[in-house]
Amino acid sequence: MHIHSLDYYSEPGRGVITLTRLCGWVIRKARVGRVLILEVCGNNTKPYVLALREDRDRDLFHIAEGLDIGSALCFEGDLAPLQRSKRGVEYSVSKIEVYAKPIEPLPVDISGKVPALLDTRIKYRWLLVRNPVEKALFKIRAGVLKAARKYLEDNGFIEVNTPKIVAAGAEGGATLFKLQYFEREAYLSQSPQLYKQMLISSFERVYEITPYFRAEKYNTTRHLNESWGIDVEQGFINSLEDVLETAENLVVYIVDYVRLNYKEELEILGVDLPKLSTPFKRLRFTEAVEILRSEGVEVSETEDLSDVAERKLGEVMAEKKHYLYFITGFPWSSAGFYYMREEDGVYTRKFDLDYRGLEIASGGQREHRYEKLVEAIREKGLNPENFEFYLEAFKYGLPPHGGFGMGVERLIMKMLNLENIREAILFVRDRTRLTP
RNA sequence: GCCGCCGUAGUAUAGCCCGGUUGAGUAUGCGGGCCUGUCGAGCCCGUGACCCGGGUUCAAAUCCCGGCGGCGGCGCCA
């Protein structure tokens, strides 16, 4: 809605302007003598400030006086010639339409004066995101996904959607949520892994932004039972290096996109997002083991690194200014059956991407040769019959390929220095939370 | 699942160790009053809480047992 403002024309030396209609919720209210000040936030992170004088704006003043924090309203106004507020953008208001008033005081403080504990924050997240700080975080999350899409689309990846109700998991049975699928047992997808590989039968490059469902009973600051992943798979690769390049360029693009397009949000959150550069350090798994042992950390040569080891490695790497780094060549004993095995039979082309001591992505070059794959499934103690639908795709010309899954919440957690992964998702699904 | 810590007004906290002086303090919110456009405004008045059950004791928010709930660590992984 654009209406010319009469007030505007009374200001000397100005051209044409439009009167804007803006909407949001009252997040702060202050009365000082004869002036009433309202701060309103909609999708904006910087509040709209409405200052009303009892003598001049009598009707509007009385409307505003009756509004509590939390009221939903729209107003028509024009940028105020005098910007006196230190917090927001001030408007001269000509009309206020009130749409809803809270029927009781809000259960949490959305002005940010009184902090809420994580548990309370999660319970009332949908309400707390009215607060500019909380909102900034989720605007950045949206930006991360937007940037990922943009990078992948620009680089020839096609977005696909694969089933979330599946008959078999990618890793075995232990971490799956079971459900009844008519007469049969089915599971919630813990990864689109197998499906995106199958699609490399017909697409050169695919990606999917998808939830992962994992029934792990862990309770840590970096795990969710429903999390989101940016899943990428590319065919016709020459080596693992092609996949690593995609992963590092994607991360750099995302971080850069947020750094340049979300300055206001980063500032509100107090985050200084440094510019990244490629290539990221490539560290062999065996080198990582050596480094950790020289630091006095006990590490197994055949198992994945423990969280303690990963964090320690993060510290060591940070000293050398490697904030993001790959760990490549994981041992076969700690890898999924679908990773390509090296000739020695001991190591694989599986990699992890770590961001300051936290695994944010993992992937690798896949085994694309039918016989080798069947052999690998058997060797992992799995039954090839359960993977028939998957194995079939390897019979008709599946090129060498590889890919990775990147944890959206983990990436955001590291970018924004969050202490708990639960901060990075609006509605939390963890060991104990099923609502809201 | 194991280990550790914790549970006080709507929210966030003090008090608990060492039971009585607590009619449970403070901030913020909410209601009311004052107030030169405040900037997490200020000042005054009011409002509102000891997770549940059992036990010890003359006396329990405080000590003990059980339950429920939360946080952190480990395992595991994105």
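Values reported hereafter were calculated over all heavy atoms of this structure, with side chains retained and with hydrogens, waters and symmetry mates removed. Chain A is the first sequence line, chain B the second, and so forth, proteins listed ahead of strands; every chain is numbered from 1.
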5′-ward residue of the pair A/R84/A/D430 relative to RNA chain B: A/R84

Charged N-O contact under 4.0 Å between A/R141 and A/E409: yes

Sugar-phosphate only, base, or nothing, as touched by A/A51 at under 4.0 Å among non-hydrogen atoms: base

Sugar-phosphate only, base, or nothing, as touched by A/G112 at under 4.0 Å among non-hydrogen atoms: base

Distance test, side-chain N/O of A/N420 to OP1/OP2 of B/rG72, below 4.0 Å: yes

B/rC76 OP1/OP2 closer than 4.0 Å to side-chain N/O of A/S306: no

Touch class at under 4.0 angstrom, heavy-atom based, for A/R433 against every strand present: sugar-phosphate

Name of the residue among A/V271, A/V133, A/I140 meeting side-chain contact (heavy atoms from CB on, under 4.5 Å) with A/E265: A/I140

Nearest to side-chain heavy atoms of A/T221, which nucleotide of B/rG29, B/rG72, B/rU38: B/rG72

Below 4.0 Å: OP1/OP2 of B/rG37 and any side-chain N or O of A/R56: no

Donor/acceptor link under 3.5 angstrom from A/Q190 side chain onto base of B/rC77: no

Minimum-distance nucleotide (side-chain atoms of A/D304 versus B/rA12, B/rG37, B/rC77): B/rC77

Inter-nucleotide C1' distance (B/rA24, B/rG32), Å rounded: 25 Å

Side chain A/R34 and base B/rG37 donor-acceptor under 3.5 Å: no

Sugar-phosphate, base or nothing in reach of A/I360, heavy atoms under 4.0 Å: sugar-phosphate

Inter-nucleotide P distance (B/rC68, B/rG31), Å rounded: 39 Å

Options B/rC77, B/rU38, B/rG73, nucleotide nearest the side-chain atoms of A/H223: B/rC77

Same-atom distance (P) from B/rC64 to B/rU26, integer angstrom: 29 Å

A/R214 side chain near B/rC77 phosphate (N/O to OP1/OP2, under 4.0 Å): no

Euclidean distance, atom CZ of residue A/F351 to atom P of B/rA78 [Å, nearest integer]: 11 Å

Between B/rU11 (P) and A/R130 (CZ): distance, integer Å: 17 Å

Parallel, tilted or perpendicular: rings of A/Y390 and A/F337 (30°, 60°): perpendicular

Residue A/K86, side-chain atoms from C-beta onward, closest of B/rU38, B/rA78, B/rC39: B/rC39

Results of ring pair (Phe, Tyr, Trp, His ring centres under 6.0 Å) for A/H368 - residues two or more places apart only: none

Pairing residues for A/F285 by the ring pair (Phe, Tyr, Trp, His ring centres under 6.0 Å) criterion, not counting sequence neighbours: A/F330

Side-chain donor/acceptor contact of A/Y124 with base of B/rA12 under 3.5 Å: no

Under-4.0 Å salt bridge between A/E90 and A/R84: no

A/E419 CD - B/rC71 C1' separation (whole Å): 12 Å

G-U wobble or Watson-Crick pairing nucleotide for B/rC68 (cut-off 3.5 Å, both distances): B/rG7

Pair assignment for B/rG42, Watson-Crick or G-U wobble, requiring both distances under 3.5 Å: B/rC34

Side-chain donor-acceptor contact under 3.5 Å, A/T210 with A/K164: yes

Given B/rA12, B/rG73, B/rA78, the nucleotide with the shortest approach to the side chain of A/L117: B/rA12

Nearest-neighbour nucleotide for the A/S227 side chain, B/rA78, B/rG72, B/rG37 considered: B/rA78

Span that lies between the C1' atom of B/rA78 and that of B/rG4, in whole angstrom: 27 Å

Interatomic distance, A/I69 CD1 vs B/rU28 C1' [rounded to whole Å]: 10 Å

Touch class at under 4.0 angstrom, heavy-atom based, for A/Y218 against every strand present: base

Donor/acceptor link under 3.5 angstrom from A/R222 side chain onto base of B/rA78: no

Base partner of B/rG29, which must satisfy Watson-Crick or wobble distances under 3.5 Å: B/rU47

Gap in Å between the two P atoms, one belonging to B/rC44 and one to B/rC35, rounded: 16 Å

A/L106 CG to B/rU11 C1', straight-line distance once rounded to whole Å: 11 Å

Side chain A/E90 and base B/rG37 donor-acceptor under 3.5 Å: yes

Ring center gap for A/F157 and A/Y207 short of 6.0 angstrom: no

A/L36 CG - B/rC35 C1' separation (whole Å): 13 Å

Separation of B/rC76 P from A/R431 CZ (nearest whole Å): 17 Å

Closest to side chain of A/D119, choosing from B/rG70, B/rC76, B/rU11: B/rG70

Nearest to side-chain heavy atoms of A/L224, which nucleotide of B/rA78, B/rC39, B/rG72: B/rA78

A/E216 side-chain proximity, nearest of B/rA12, B/rC76, B/rG1: B/rC76

Integer angstrom distance from the P of B/rG23 to that of B/rC50: 15 Å

Sugar-phosphate only, base, or nothing, as touched by A/E310 at under 4.0 Å among non-hydrogen atoms: base

Partner nucleotide of B/rG19 by Watson-Crick or wobble geometry (both distances under 3.5 Å): none

Pairing nucleotide - B/rA60, Watson-Crick or G-U, each distance under 3.5 Å: none

N/O (side chain, A/S362) to phosphate O (OP1/OP2, B/rA78) under 4.0 Å: yes

Phosphate OP1/OP2 of B/rG70: any A/T432 side-chain N/O under 4.0 Å: yes

A/D55, CG atom: more than 12 neighbouring heavy atoms under 6.0 Å: yes

Touch class at under 4.0 angstrom, heavy-atom based, for A/D68 against every strand present: sugar-phosphate

Watson-Crick/G-U partner (both atom distances under 3.5 Å) of B/rG75: none

Distance between P atoms of B/rU11 and B/rG20 (Å, rounded): 27 Å

Pair A/T175, A/Q190: side-chain N/O donor-acceptor within cut-off below 3.5 Å: yes

Nearest-Å distance for atom pair CZ/C1', residues A/F213 and B/rC77: 17 Å

B/rG10 to B/rU36 separation - P atoms, rounded to the nearest Å: 35 Å

Earlier contact from the 5' end, RNA chain B, for A/R31 and A/V49: A/V49

